[in-house]
Amino acid sequence: MRSLLLSLALAATSVTGVAVATPAAASARAPQLERLPYQVDSSNQAGWWRPADTLNGVTYFAYNAPAAEAGRHEVHIASRGGDGQWRDACLPDGAGGCVTYVDDIGHNQPSIVVDGDGRIHAFVSMHNNAWRYYQSTRPGDVTSMAEAAAQLPDRDLRFTYPVTVRGADGDAYVLVRADQDAQRVRAGRLYRYDTAADTWSRVAIVASGANHSFYPDDLQVDGRGRVHILWEWASWPASAHRHLGSYAVYDPAAGTFADASGAPVTTPLAPGVGNVVYQPFEGDETITSQNRAVQTAKLAVDDTGLRGIAYRYLPEAAGSNFAGFDVRYATWDGSAWRRETVAANGDLPIDNSATLGATHAGGRTRLYFVAEANGCAGTHSQVVVAERGTGEWAFRTLGEVRQGLQRLRVLRGRDGADLVYLTAPIEGALWRAVVPRTEPRRAASRTPPSPRAWPPHPAAAPTWR
């Protein structure tokens, strides 16, 4: 891993442009990257969001698009049919135009979910705002989106960080932070859309604590229909450094919640309760610490249940709110949480950015993260995939080194292939990548690519293109 990150650091400090390696021979088993024919706004970047979904062979991508007025963005939803053709439409403003919102990186980004009947649900640009919610009036039709916030409960509250998922029965879920600042509380709430009744309802206040703020990270559904819930905590009202990475599972059939051991828990969960916490305080860490912290996490879930949790952890003081984090992976061994460092920040002039993906299928776990390096040529970034079966982690790169940052969201398909939403917002670009579970012809090495060149030369390093 060290040599891979050193390569990126060298690229950032020694070149003024990005060289492109000669593509490897095409293979049906190799990842396929397709750039969408639409421009994204520079604000199209978040670590918590879920801007992608798939249903019946159709891909749906939501993104912030440039608006005519500086400092604002439109919200678009694009769909790709089985014929490979893209359709795109903005969310309407009610007067025949496109609604626009203020740019707010890390907050005002979209999450979508397509329910089992094909309705598209979009939660957009909420940072301590009332519901901003749109629903399609025709199944699967991105051109039929209409404002529908009145359908949701708790309309007297303000919301941030909507994270979505489709249930095994086709219902839709959204996990969100709800603000009750008069009580110094920002709690996590789970809502469900019943496709049979065409109504939204609140499932539960999942977690709440005085002087604490809930940060949603992820929702995933396993083969038994259970909804896996991931979040982290900060001191009220907000902080870039969060703590007490937490996990619970909701069983819709029973209407109950449980911790990692399967033991029932009562909601709302208080900060730091029992086996719910996969990353406890370390050393002198407290809820207000800036020198040790959690930031961004994603679930690896398969049909059987939880396989692990990928997250970023700051082991010591850093120079900014977002630098110095390691990539860690936590698993439940049946009696306790086990944690390991997959990629250490180390002492090089590189970092990994606030974006992660995690999947498990076919006996193999994948973690996706983005390595960044800064230098005289500006910021360079590269998507890195760490994969493990029963042995050690092996590393590959995905796509090209980009000028500026990259952000991603990863979904596991039914066939085990990963669908990757990958954006380079400074370049105004968005890609759809499909990463099969079967191995490419050239297997990954346990030793990361050589530092001799960046991007890695195709004859010297196993790079996915």
Side-chain angles (χ1 to χ4, degrees), residues 48 50 52-56 60 111-123 131 133 135 139 148 151-154 157 159 161-178 187-208 214 216-231 246-269 273-276 278 297-309 332 358-361 411-414:
W48 50 267
R50 191 178 186 272
D53 204 357
T54 62
L55 183 69
N56 299 329
Y60 299 87
S111 282
I112 61 172
V113 58
V114 183
D115 68 34
D117 292 337
R119 297 178 191 83
I120 307 166
H121 305 264
F123 296 85
W131 290 113
Y133 166 69
Q135 183 186 122
Q151 295 186 19
L152 285 148
D154 295 338
L157 300 178
F159 301 95
Y161 308 120
V163 178
T164 55
V165 76
R166 181 173 59 253
D169 58 0
D171 287 356
Y173 291 87
V174 61
L175 175 71
V176 69
R177 188 182 76 190
R189 299 187 178 213
L190 181 66
Y191 298 87
R192 179 178 185 173
Y193 181 80
D194 186 328
T195 56
D198 295 341
T199 58
W200 282 97
S201 63
R202 189 203 320 144
V203 174
I205 301 175
V206 175
S208 180
F214 178 102
D217 278 319
D218 201 8
L219 285 179
Q220 297 287 343
V221 175
D222 64 27
R224 295 165 56 185
R226 298 175 301 175
V227 181
H228 298 256
I229 306 167
L230 193 66
W231 71 96
S246 300
Y247 160 84
V249 60
Y250 168 64
D251 185 348
T256 57
F257 288 80
D259 65 16
S261 72
V265 294
T266 301
T267 57
L269 292 159
V273 60
N275 290 328
V276 166
Y278 66 84
K298 291 293 177 285
L299 292 158
V301 170
D302 66 6
D303 286 346
T304 64
L306 177 70
R307 303 308 296 249
I309 298 168
W332 178 258
T359 63
H360 183 93
L411 307 178
R412 180 179 65 92
R414 289 183 177 179

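Bear in mind the structure is a predicted one, so any value in this text is a computation, not a measurement.
Of the residues listed (Leu175, Val113, Ile112, Val174), the one engaging Pro162 in a side-chain contact (heavy atoms from CB on, under 4.5 Å) is Val174, and it is the only one. Screening Val221, Leu230, Val249, Asp222 for a side-chain contact (heavy atoms from CB on, under 4.5 Å) involving Val301 leaves a single residue, Asp222. Screening Phe214, Trp231, Tyr161 for a ring-ring contact (aromatic ring centres under 6.0 Å, His included) involving Trp48 leaves a single residue, Tyr161.
The side-chain heavy atoms of Asp154 and Phe159, taken from C-beta on, include a pair separated by under 4.5 Å. For the pair Tyr247 and Ile229, the minimum side-chain heavy-atom distance is 4.5 Å or more. At a threshold of 4.5 Å between non-hydrogen side-chain atoms, the residues Gln151 and Tyr133 count as touching. Proximity of Tyr173 to Leu190: side-chain heavy atoms (C-beta onward) are separated by under 4.5 Å at one or more points. In this structure, the side chains of Leu299 and Leu306 come closer than 4.5 Å at one or more pairs of heavy atoms. At least one side-chain heavy atom of Pro153 sits less than 4.5 Å from a side-chain heavy atom of Tyr191.
Taking a 6.0 Å sphere around CZ of Arg224, one finds it holds 12 or fewer heavy atoms contributed by other residues, nucleotides or ligands.
Residues that satisfy the salt bridge (charged side-chain N to carboxylate O under 4.0 Å, His left out) test with Asp115, not counting sequence neighbours, are Arg119. Residues satisfying the salt bridge (charged side-chain N to carboxylate O under 4.0 Å, His left out) test with Arg192, not counting sequence neighbours, are Asp169, Asp171.
For the pair Arg307 and Asp302, the salt-bridge criterion is met [side-chain N within less than 4.0 Å of a carboxylate O].
Of the possible polar contacts, none joining the Asp53 side chain to the Tyr60 backbone as a donor-acceptor pair under 3.5 Å is found. The backbone N or O of Ala263 lies less than 3.5 Å from a partner atom in the side chain of Ser261, making a donor-acceptor pair.
Rounding to the nearest 0.5 Å gives a distance of 9.0 Å between OG of Ser246 and CD1 of Ile309.
Using cut-offs of 30° and 60° for the angle between ring planes, the Phe123 and Trp200 rings count as perpendicular.
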